[in-house]
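The structure under discussion appears below in the form of structure tokens.
All values derive from a computational prediction rather than experimental measurement.
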Amino acid sequence: YALGTARAEHQAILLPTGEVFVVGGVDSQGQVLASTEIVNVEGVRPGPTLSMPRTGHTLTLLPDGNILIAGGISSLDGPPTQSTEIFDPEFGDLNEGPQLADARAYHTTFYVGEALIVAGGQGATAAVADPFGTAPPASASGLLDTLERVDMANRVTEILPVFLSMPQKNLVGVAISPLQFVFVGGQTETGPAPAEIFDGTGLIPLAGLPPRSGAAIAQNNNTVVVLSGESEGVLRDDLEVFDGFSFQPQAFGLHPRQGAIAAVSSAGILIVGGIDAVGPSEVVEILLPSQVAQLAPLAQPRHAHTFTLGAAQQVGFVIGGYDSERVPTDSIELIQVPGLDFASTLGGGGLDPNATTPGAGRLEAAVDAKTLAGILRAASGADCNSAAHKPSTAQPAVPGSQSARLPAAATARLAILIADVAEPTDDDLLAQPAQPAASELIDRLERALTVLGAANARDLATETRTQLQSLCAIKFPGSS
């Protein structure tokens with residue numbers, strides 16, 4: 001099946017209903033679209049018409065289930081807008097939203113805790129809203145370095161007293177805690193922008209990540225992965241993983257391209273389409289803990305498309321984009337998303353955490369059962385609710401105990417859940433939710449460890465459950 005209107009440079013987002021909301025974009029005549037469409041596995045139906053055509057806009061899921069449509073341009077040579085609209089999936093209608101403080105397009109919009117942040121983008125003019133008088137010199141091209149907070153409840157916006165290190169567009173903002181967020185992948189007047197992090201007081205450059213634009217960005221909880229992209233005129237085949245402090249390089253031998261779209265599934269990170277050295281790409285890859293695998297290619301190469309996972313993560317919707325002739329397409333393709341057992345189907349015996357697969361790279365950390373038990377206890381207890389997070393300082397593995405070498409990024413994703421309560425009180429322990437039955441806990445942990453690449457997952461899971469029971473000083477249902 002197909003869209004009602006061929007389009008590229010549109011935006012799409014998963015609705016609470018499990019359908020995909022497709023908004024705006026550019027048609028085959030180069031006209032910016034005001035139409036929307038709603039896609040599901042059975043077909044396509046028209047959505048409501050926007051108050052104005054939009055491309056270069058953003059879509060954000062709000063806490064109430066509505067969708068904020070912010071900014072953008074209404075013609076390819078026109079100025080950006082301050083206007084926003086709110087789509088209500090329950091009633092299928094659009095309503096006017098709060099005005100942005102700066103007119104902008106090709107910006108980023110994301111939540112940090114309860115604050116909705118809008119940053120960067122292409123501005124209407126070189127003049128930048130600066131109520132504090134502290135902004136760096138404005139970009140001659142009108143690129144913005146400003147951040148603003150949107151108060152959806154009171155429908156007001158305010159410019160924040162924090163500025164990007166360089167005016168830029170096409171950046172991606174990602175929250176990594178209630179107090180921290182990072183920006184990656186931006187484009188300045190002269191080339192890719194450096195990655196930077198907000199540390200609670202201001203934005204500072206992040207070590208380890210060479211500036212790159214057009215990268216695919218994936219986030220899973222506190223872990224941010226930057227894949228492929230372009231740097232200094234070269235298409236990249238590597239990736240970088242944010243470990244909570246800096247970006248760490250990993251040479252996985254990805255398909256070199258920019259403009260790909262990434263999404264996180266239970267099996268791994270899927271990377272779809274984009275532009276490679278030949279043109280629009282049909283390549284679909286899945287990034288596993290210790291290798292990258294190519295899935296069935298798209299029937300139609302494309303870029304400036306969207307890729308959205310369905311609610312159950314069993315299917316991915318690849319929608320629109322420019323085809324191999326650089327013409328917007330109405331094509332919709334469905335990708336069957338691999339399940340948790342996909343890794344075990346490769347290489348005949350699952351993933352070897354110590355494998356030296358050509359082109360594969362991996363940062364590892366030793367994790368023992370006692371460390372995992374501490375992580376699980378903290379992750380399910382009241383002592384995890386602190387806003388300040390720090391990595392675990394667990395003791396080394398006891399000689400002879402079960403342990404594994406797991407990806408450092410995955411380990412950090414678990415360890416960072418441990419907050420500042422180093423010695424939990426009895427009240428902390430009693431505040432934990434009821435633990436699952438012993439067999440269920442072991443099964444869950446075994447599946448997670450298998451996906452992370454642990455060869456001895458069952459034994460490690462079993463010992464971890466024993467350690468957890470000891471740490472929590474409680475009885476599990478079904479235990480003696």
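- Annotation for Gln314: atom CD does not count as buried by contact number, only 12 or fewer foreign heavy atoms lying within 6.0 Å.
- In terms of the salt bridge (Lys or Arg N to Asp or Glu O under 4.0 Å) criterion, Asp237 has no residue partners (sequence neighbours excluded).
- The main-chain N or O of Gly273 is never found under 3.5 Å from a side-chain atom of Glu282 such that the two would form a donor-acceptor pair.
- For the atom pair CG (Leu50) and CZ (Phe87), the distance works out to 10.5 Å, reported to the nearest 0.5 Å.
- Applying the ring-ring contact (aromatic ring centres under 6.0 Å, His included) test to residues at least two apart or on different chains, none of the pairs has a partner in residues 206-234.
- The ring-ring contact (aromatic ring centres under 6.0 Å, His included) contacts involving residues 263-300 comprise nothing, where partners must be two or more places apart or lie in separate chains.
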Take Val264 and Val225 through the side-chain contact (heavy atoms from CB on, under 4.5 Å) test and state the conclusion after the steps.
CA-CA 10 Å; Val264 178; Val225 184; over 6 Å; no
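- Looking only at distances, a side-chain donor or acceptor of Glu196 sits under 3.5 Å from a matching main-chain atom of Ser165.
- Proximity of a side-chain donor or acceptor of Glu90 to a complementary backbone N or O of Asp88 within less than 3.5 Å is not detected.
- Closest heavy-atom contact between Ala262 and Leu227: CB-CD1, 4.1 Å.
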In sequence, state the C-alpha distance, the side-chain angles, and the governing distance for Gln187 and Ser213, and then conclude on side-chain hydrogen bond (donor to acceptor under 3.5 Å, both in side chains).
CA-CA 6 Å; Gln187 182 73 36; Ser213 60; 3.0 Å; yes
N/O donor-acceptor pairs under 3.5 Å from side chains in residues 12-25, not counting sequence neighbours:
unit_1	atom_1	unit_2	atom_2	d
Thr17	OG1	Glu19	N	3.4
Thr17	OG1	Glu19	OE1	3.3
Glu19	OE1	Arg45	NH2	3.3
Glu19	OE2	Asn40	ND2	3.0
Glu19	OE2	Arg45	NH1	2.6

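- Residues Ala215 and Val226 approach most closely at CB-CG1, 3.6 Å, considering heavy atoms.
- Between the side chain of Ser231 and the backbone N or O of Pro211 there is at least one donor-acceptor pair closer than 3.5 Å.
- In this structure, the side chain of Arg302 does not engage the main chain of Thr329 through any donor-acceptor pair within 3.5 Å.
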Would Phe242 and Ile176 satisfy side-chain contact (heavy atoms from CB on, under 4.5 Å), going step by step from the backbone distance to the final call?
CA-CA 10 Å; Phe242 183 68; Ile176 56 175; 3.3 Å; yes
For Val182 and Leu206: C-alpha separation, side-chain torsions, deciding distance, then whether side-chain contact (heavy atoms from CB on, under 4.5 Å) applies.
CA-CA 9 Å; Val182 298; Leu206 269 171; 3.8 Å; yes
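- In this structure the side chain of Ile67 never reaches within 4.5 angstrom of the side chain of Leu62, judged on heavy atoms.
- Using a 4.5 Å heavy-atom threshold, the side chains of Ile217 and Val184 count as touching.
- For Glu240 and Arg212, the salt-bridge test passes: some basic side-chain N is under 4.0 Å from an acidic carboxylate O.
- A donor-acceptor distance shorter than 3.5 angstrom exists from the side chain of Glu333 to the backbone of Gln300, with no hydrogens or angles considered.
- Contacts classified as ring-ring contact (aromatic ring centres under 6.0 Å, His included) and involving residues 254-287 (residues at least two apart or in different chains) are not found.
- Looking only at distances, no side-chain donor or acceptor of Asp102 sits under 3.5 Å from a matching main-chain atom of Arg104.
- Sorted by first then second residue, the ring-ring contact (aromatic ring centres under 6.0 Å, His included) pairs that include residues 260-314, not counting sequence neighbours, are His303-Tyr322.
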Are Val32 and Asp27 close enough, and set up right, to give a side-chain contact (heavy atoms from CB on, under 4.5 Å), and what steps lead you there?
CA-CA 6 Å; Val32 179; Asp27 69 11; over 6 Å; no
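- The OG1 atom of Thr308 sits 9.5 Å away from the CG atom of Leu59 when rounded to the nearest 0.5 Å.
- Using modelled atom types, no side-chain atom of Glu285 and backbone atom of Leu270 make a donor-acceptor pair closer than 3.5 Å.
- Contact of the Thr60 side chain with the Phe110 side chain is not registered, since no non-hydrogen atoms from C-beta on lie closer than 4.5 Å.
- When the options Glu9, Arg7, His10, Gln11 are evaluated for a side-chain hydrogen bond (donor to acceptor under 3.5 Å, both in side chains) with Thr306, the one that passes is His10.
- Ring geometry for Phe198 versus Phe181: interplanar angle under 30°, hence parallel rather than tilted (30 to 60°).
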